[in-house]
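We use all heavy atoms of the structure for the numbers below, so side chains are in, but hydrogens, waters and symmetry mates are not. Along the sequence shown, the residues carry numbers beginning at 1. Small disclaimer: the values here were computed from a predicted structure and weren't measured.
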Amino acid sequence: MKISIDADKCCGAGQCVLVAPEIFDQDEEGIVILLDPEPSDELRDAVEDSIAICPANAIHVE
């Protein structure tokens, strides 16, 4: 699993950070920072939940 983000789409809601803090963080302006672009399969559910809850559709998985 490989995650990519579109920081230009990010609205800074921070839902991804709440769901998967091991993978996502936010900068000073609230824009998503990808901490782990290739997380283990154990975190797949958290990644999928983050994608589903992102109001800006800024998170993608390959």
Side-chain angles (χ1 to χ4, degrees):
M1 165 174 51
K2 183 170 181 171
I3 302 171
S4 63
I5 56 170
D6 185 343
D8 292 334
K9 282 185 167 181
C10 181
C11 65
Q15 298 303 305
C16 58
V17 179
L18 294 174
V19 173
E22 309 89 348
I23 302 168
F24 305 103
D25 199 356
Q26 290 176 287
D27 67 13
E28 304 81 36
E29 297 175 0
I31 303 302
V32 65
I33 298 171
L34 185 57
L35 300 175
D36 187 357
E38 296 186 32
S40 68
D41 283 337
E42 296 172 349
L43 296 172
R44 181 173 291 281
D45 287 343
V47 171
E48 290 176 359
D49 289 347
S50 295
I51 291 168
I53 203 166
C54 178
N57 194 31
I59 306 167
H60 307 280
V61 172
E62 295 177 24

Give the table of side-chain donor-acceptor pairs shorter than 3.5 Å for residues 55-62, with sequence neighbours excluded, one pair per line with atom names and distance.
unit_1, atom_1, unit_2, atom_2, d
His60, NE2, Asn57, O, 3.4

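- Here the closest heavy-atom approach between residue Val32 and residue Cys16 is recorded as CG2-SG, 3.8 Å.
- Once rounded to the nearest 0.5 Å, the distance linking CD1 of Ile31 with SG of Cys11 reads 8.0 Å.
- Two residues are said to be in side-chain contact when any heavy atoms from C-beta on lie closer than 4.5 Å; Val47 and Pro39 meet this criterion.
- Between atom CD1 of residue Ile3 and atom CD1 of residue Ile23 there is a gap of 4.5 Å, rounded to the nearest 0.5 Å.
- When hydrophobic clusters are built by joining Ile, Leu, Val, Met, Phe, Trp and Tyr residues whose side-chain heavy atoms come closer than 4.5 Å, directly or via intermediates, Leu43 is grouped together with Ile5.
- With sequence neighbours excluded, no residue forms a salt bridge (Lys or Arg N to Asp or Glu O under 4.0 Å) with Asp8.
- In this structure Ile53 satisfies the side chain to side chain contact (heavy atoms under 4.5 Å, CB included) test together with Gln15, Val19, sequence neighbours excluded.
- Every residue meeting the side chain to side chain contact (heavy atoms under 4.5 Å, CB included) condition with Gln26, not counting sequence neighbours, appears here in chain and number order: Val17.
- Cluster partners of Ile33, using a side-chain heavy-atom cutoff of under 4.5 Å among ILVMFWY residues and allowing indirect links, are Leu35.
- Taking CG of Leu34 as the reference point, atom NZ of Lys2 lies at 10.0 Å (rounded to 0.5 Å).
- The side-chain heavy atoms of Phe24 and Leu18, taken from C-beta on, include no pair separated by under 4.5 Å.
- Cys54 contributes atom SG, which lies 8.5 Å from atom NZ of Lys9 (distance to the nearest 0.5 angstrom).
- Applying the salt bridge (Lys or Arg N to Asp or Glu O under 4.0 Å) definition to pairs two or more places apart or across chains, none involves residues 24-40.
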